[in-house]
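First up is the structure itself, then whatever we jot down about it.
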Amino acid sequence: MNAAQWYQGHRHFVGTITPSGNTVVERITLGVLRELPQVSAHFSRTPVFGTRDPSPDVYASEGQLAAAQLLAHARPDVLVWNGSKGGTIGFAHDRALAAAIEAQTGIRATTSMLGFDQLLKARGVQRIALVTPYADAGHTKTVGCLVGEGYEVVADGHAGLADNLSYASLPLDDIAAMARAVATARPQ
């Protein structure tokens, strides 16, 4: 396949907004899309600094909206906030963020957490096991949020990390070990 054929095959464009310190999103997104050659991903970042979140219970959405506006120039089919904070502060915040992005850009918007929720509901999954990279407080809030959204968290584990950059440094073997451990609870 030559470059022109490859380009013509891309019919759908996804704009992805991610925290500035995340070094995983592009690789994982491109890996997933490898099986969907008609879809191409385009990325923008929003500032996330240090180990302390200056607004731990809400989004500081100015950066996310600015990143969405830049991605809107490429006219993607959808804009996606590809961060997990909504799983800690509540899906209502993600719904509000998606609505704000849509209002500003005129492009359909969602978040990774809303996609997660939609997928699990479509498959009738309510009993889940959870693994996060977070420290105790963030992990506890995430479990509480998911329970508040109607999920039964039958097992959970976390790595105890405190900042966005360290999350990407977690070895895959450690993630796999945590996943195997919580899987013994037989979530759906």
Side-chain angles (χ1 to χ4, degrees), residues 1-3 5-51 53 59-61 63-88 94 97-98 101 105 107-120 123 128-135 138-139 142 146 156-183:
M1 173 183 306
N2 66 37
Q5 290 169 320
W6 177 85
Y7 180 78
Q8 291 299 321
H10 284 81
R11 303 267 187 245
H12 303 284
F13 301 95
V14 176
T16 298
I17 305 161
T18 189
S20 57
N22 190 311
T23 60
V24 176
V25 166
E26 287 92 347
R27 286 182 290 143
I28 297 299
T29 301
L30 293 174
V32 168
L33 292 180
R34 186 175 305 124
E35 301 298 320
L36 301 167
Q38 71 279 16
V39 180
S40 66
H42 307 274
F43 302 95
S44 188
R45 293 179 176 274
T46 186
V48 175
F49 303 103
T51 58
D53 186 344
Y59 282 122
S61 59
Q64 292 159 312
L65 293 173
Q69 191 62 49
L70 289 173
L71 283 167
H73 296 168
R75 297 185 183 152
D77 297 289
V78 64
L79 291 165
V80 179
W81 164 243
N82 205 335
S84 58
K85 187 173 181 177
T88 301
D94 276 25
L97 176 62
I101 290 170
T105 65
I107 298 170
R108 197 166 42 108
T110 191
T111 72
S112 55
M113 290 308 299
L114 294 178
F116 165 79
D117 184 49
Q118 183 179 15
L119 177 67
L120 293 182
R123 293 185 176 189
I128 63 172
L130 177 69
V131 171
T132 74
Y134 307 141
H139 182 77
T142 302
L146 292 171
D156 62 276
H158 62 290
L161 303 175
D163 70 273
N164 214 4
L165 192 56
S166 70
Y167 302 159
S169 69
L170 193 57
L172 292 177
D173 288 344
D174 292 1
I175 297 168
M178 287 189 294
R180 280 191 290 276
V182 299

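Throughout, numbering of the chain's residues begins at 1 and tracks the sequence. Computed from a prediction, not measured in an experiment: that's the story for all the values here.
Atom CG of L79 is separated from atom OG1 of T111 by 12.5 Å, given to the nearest 0.5 angstrom. Rounded to the nearest 0.5 Å, atoms CE (M113) and CG (N82) are 11.0 Å apart. Expressed to the nearest 0.5 Å, how far CG of L119 lies from OG of S112 amounts to 12.5 Å. Note that the CD atom of Q38 and the NE2 atom of H12 stand 6.0 Å from one another [nearest 0.5 Å]. Put simply, OG1 on T110 and CD on Q118 are 6.5 Å apart, with the number rounded to the nearest 0.5 Å. The distance from the NE2 atom of H42 to the CG atom of L71 is 9.0 Å, given to the nearest 0.5 Å.
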**OP:** Would you please test D94 and F116 for side-chain contact (heavy atoms from CB on, under 4.5 Å) and show each step?
**Re:** CA-CA 12 Å; D94 276 25; F116 165 79; over 6 Å; no
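Contact detail for N22 and V24: the closest heavy-atom pair is OD1-N, 2.7 Å. Summarising the geometry of A109 relative to I101, their closest heavy-atom pair is CB-CG2, 3.6 Å, with the distance given to 0.1 Å. Among all heavy-atom pairs drawn from G63 and P47, the shortest one is CA-CD, 4.3 Å. Residues T105 and A68 approach most closely at CG2-O, 3.9 Å, considering heavy atoms. Closest non-hydrogen pair, S44 versus A67, comes out as OG-CB, 3.4 Å.
Within the 3.5 Å criterion, the main-chain N or O of F13 finds no donor-acceptor partner in the side chain of S40. Side chain of Y167 to main chain of T132: no donor-acceptor pair is present (N/O by atom type, distance under 3.5 Å, no hydrogens or angles). Between the side chain of R45 and the backbone N or O of P19 there is at least one donor-acceptor pair closer than 3.5 Å.
Evaluation of the side chain to side chain donor-acceptor pair (under 3.5 Å) test over residues 67-77, restricted to residues two or more places apart or in two chains, returns Q69-Q104.
With a 4.5 Å cut-off on side-chain heavy atoms, T29 and E26 do not count as touching. In this structure, T46 and W81 have side chains that are in contact, with non-hydrogen atoms separated by less than 4.5 Å. The closest side-chain heavy-atom distance from I17 to V80 is not below 4.5 Å.
Between H139 and the choices L161, T88, D156, the side-chain contact (heavy atoms from CB on, under 4.5 Å) rule is met once, by D156.
Remark: F43 pairs with no residue by the ring pair (Phe, Tyr, Trp, His ring centres under 6.0 Å) rule, at least two apart or across chains.
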